[in-house]
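Working notes, beginning with the structure itself.
The analysis underlying the following values was restricted to heavy atoms, covering all of them including side chains, and did not include hydrogens, waters or symmetry mates. Just so you know, ligand 1 is whichever comes first in the structure, and atom 1 is the first atom listed for that ligand.
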Amino acid sequence: MKKAIAFISLTAAIVASSQASAVTITLACGAVGQELQLCREGAARWAKKTGNTVKIFESPNLTNDRLGLYQQQLAAKSSDIDVYQLDVVWPGLLSQHFVDLKGKVPTNEINAHFKGIIDANTVNGKLVAIPWFTDAGLLYYRTDLLKKYGFSAAPKTWTEMALMAKKIQDGEQKTNKAFAGYVWQGKNYEGLTCDAMEWLVSFGGGTIVDAKGNITINNAQAAKALDTAASWVKSISPAGVTTYDEEAARGIFQAGNAAFMRNWPYAWALGQGADSKVKGKIGVAPLPSGGSRNAATLGGWQLGVSTYSKNQAAAIDLVRYLAGPAEQKIRAIEGAYNPTLQSLYKDKDVLAKNPFFGSLYNVFTSAVARPSGPTKSKYNQVSQAFSSAVSDVLSGKSKGQAAVTKLATDIARIKGRGW
Ligand code: GLC
């Protein structure tokens, strides 16, 4: 009898100790396109491997809404979320709330990522997050319609794009009233900042604030870029484009109702999905030039561990796992989420599924950063001032030159005595 009791209590002790070491980690990841599903699957693989549990915290679609929600959690020093998915423009805003991953993640693992993205995640020497996927704006087009209307290649300039879009739209609207020439992100939010930065840079109009922190927005090329985009509204783009985010634009393109679309790489995988009306009819090209260069805004998401997390070691392990080569490869193949690991751009399976990762490699490596580095914790205010001004130009409330003149004053006020 004594023996049996001893045995039972030993088993109980083993169970108790394994329970004590297994933890539950809450991961806040995105929900645009296939993000949520792929996040869940990746987290489940880690949970299976480690015996831990992962709870997924569902975040809103829009990056601005996510930021608001995360700032509330972090300001309250809440330990509810252990791992956050962070936009590439946030490290400067949120760095104080995240664990320094330098020294906690092996250097060779850190160095496997594109250096520029690691730099974007480094604030005053602190590595705030590990890159998970990168983004760059792309021009999607309908290969079948270009052919039908006698065009042999994707447009190289915005002028060319607008002419092609108009011709295709006029033709298609004869049988489909809902057809649009060009769809993009015209809603007043961070996505519009991304689109409009591409117009600016492509016209040689700078990046709002330069790398040294000087306010450069008040210039004729920037004004011209904004006026050009405004001329698309109600001509090649529906009036409703000023309410579109990424998913709205994708919905229209994927339903077969647009000739061209500006979007991030994730739209590729869904456009090739079984339920897509444009499967097999999509081409991807660099966004057109406004006379200066082709420009794609650098986007992308990273994983950071909250300093308020009660399980930091396990949280770091989850981040390393998700940002590692095996997981980034699965995400690239299943969701066209661009790896941040250079080696995967030579991976045959990844390239077979996403040929443009290879053919447009330089678009990804030369993508232009928003001025979150120089404007530091004030980036969000600068971006909001910018997207609001752009929004006014798109809706006809102001003209390009008036908008950039006023913006320069508004941004100077935000800057105050320095960033
Ligand atoms: C994408 C980008 C992100 C950007 C956002 C804007 O998610 O990866 O960097 O801020 O779009 O909507």
Side-chain angles (χ1 to χ4, degrees), residues 28-36 38-39 58-71 84-94 113-114 116-121 128-138 140 183-199 201 207-208 241-251 261-270 287 295-304 323 328 331-332 335-340 357 363-364 367-373 375 379-384 386-388 390-391:
C29 51
V32 176
Q34 302 185 76
E35 263 184 297
L36 188 60
L38 291 180
C39 178
E58 280 186 39
S59 306
N61 255 359
L62 288 190
T63 181
N64 301 60
D65 298 343
R66 286 190 213 175
L67 179 60
L69 191 68
Y70 294 174
Q71 278 177 319
Y84 286 83
Q85 180 181 325
L86 303 179
D87 197 335
V88 69
V89 286
W90 296 348
L93 284 173
L94 303 179
H113 297 270
F114 287 111
I117 309 178
I118 291 292
D119 290 347
N121 282 289
V128 176
I130 299 285
W132 197 20
F133 66 95
T134 186
D135 261 342
L138 300 169
Y140 289 82
V183 292
W184 38 281
Q185 293 73 45
K187 181 185 169 87
N188 181 2
Y189 77 120
E190 185 63 28
L192 179 57
T193 294
C194 295
D195 285 41
M197 268 251 328
E198 286 158 352
W199 310 330
V201 175
T207 55
I208 314 165
V241 77
T242 55
T243 64
Y244 293 173
D245 59 7
E246 286 84 359
E247 286 292 82
R250 182 175 71 80
M261 166 176 73
R262 184 270 179 209
N263 218 323
W264 307 104
Y266 84 96
W268 170 259
L270 292 158
L287 285 161
T297 293
L298 175 73
W301 294 84
Q302 358 289 316
L303 296 169
Q328 287 212 11
R331 295 172 54 83
Y337 288 103
N338 276 64
T340 57
F357 281 14
V363 170
F364 299 111
V368 185
R370 284 161 275 173
S372 55
T375 59
Y379 171 72
N380 206 34
Q381 280 170 273
V382 171
S383 176
Q384 275 176 6
F386 177 64
S387 66
S388 300
V390 174
S391 183

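- Of the protein's non-hydrogen atoms, the one nearest atom 6 (C) of ligand 1 is Glu246 OE2, 3.5 Å.
- Residue Tyr189 has at least one heavy-atom neighbour below 4.0 Å for each of these atoms of ligand 1: 12 (O).
- Given atom 11 (O) of ligand 1, the protein heavy atom at minimum distance is Trp264 NE1, 3.1 Å.
- Neither the backbone nor the side chain of Gln185 comes within 4.0 Å of ligand 1, counting heavy atoms alone.
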### Stepwise side chain to side chain contact (heavy atoms under 4.5 Å, CB included) test for Leu38 and Phe133
CA-CA 12 Å; Leu38 291 180; Phe133 66 95; over 6 Å; no
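- Side-chain contact annotation: Gln85 with Tyr70, donor-acceptor N/O pair under 3.5 Å absent.
- A donor-acceptor contact shorter than 3.5 Å links the side chain of Asn263 to the backbone of Glu246.
- A donor-acceptor pair under 3.5 Å links the side-chain atoms of Glu198 to the main chain of Thr297, judged by distance alone.
- Distances below 4.0 Å separate heavy atoms of Gly299 from the following atoms of ligand 1: 2 (C), 8 (O), 9 (O).
- At a 4.0 Å heavy-atom cut-off, ligand 1 touches Arg370 through the side chain alone.
- A heavy-atom distance below 4.5 Å is not found between the side chains of Tyr84 and Ser59.
- Scanning the protein for heavy atoms near atom 7 (O) of ligand 1, the closest one is Trp301 NE1, 3.0 Å.
- Of all protein heavy atoms, the one lying nearest to atom 8 (O) of ligand 1 is Asp135 OD2, 2.5 Å.
- Of all protein heavy atoms, the one closest to atom 10 (O) of ligand 1 is Asp87 OD2, 2.6 Å.
- Side-chain atoms of Tyr379 never come within 3.5 Å of backbone atoms of Trp90 as a donor-acceptor pair (strictly under, hydrogens ignored).
- For the pair Arg331 and Trp301, the NZ or CZ position fails the cation-pi test of under 6.0 Å to the six-membered ring centre and within 45 degrees of the ring normal.
- Those atoms of ligand 1 that come under 4.0 Å of a heavy atom in Gly191, given as number and element, are 6 (C), 12 (O).
- With Tyr140 contributing its side chain and Pro265 its backbone, the two residues share a donor-acceptor pair below 3.5 Å.
- Each of the atoms 2 (C), 3 (C), 8 (O), 9 (O) of ligand 1 lies under 4.0 Å from some heavy atom of Gly300.
- Close approach to Glu190 involves these atoms of ligand 1, each under 4.0 Å from a residue heavy atom: 10 (O).
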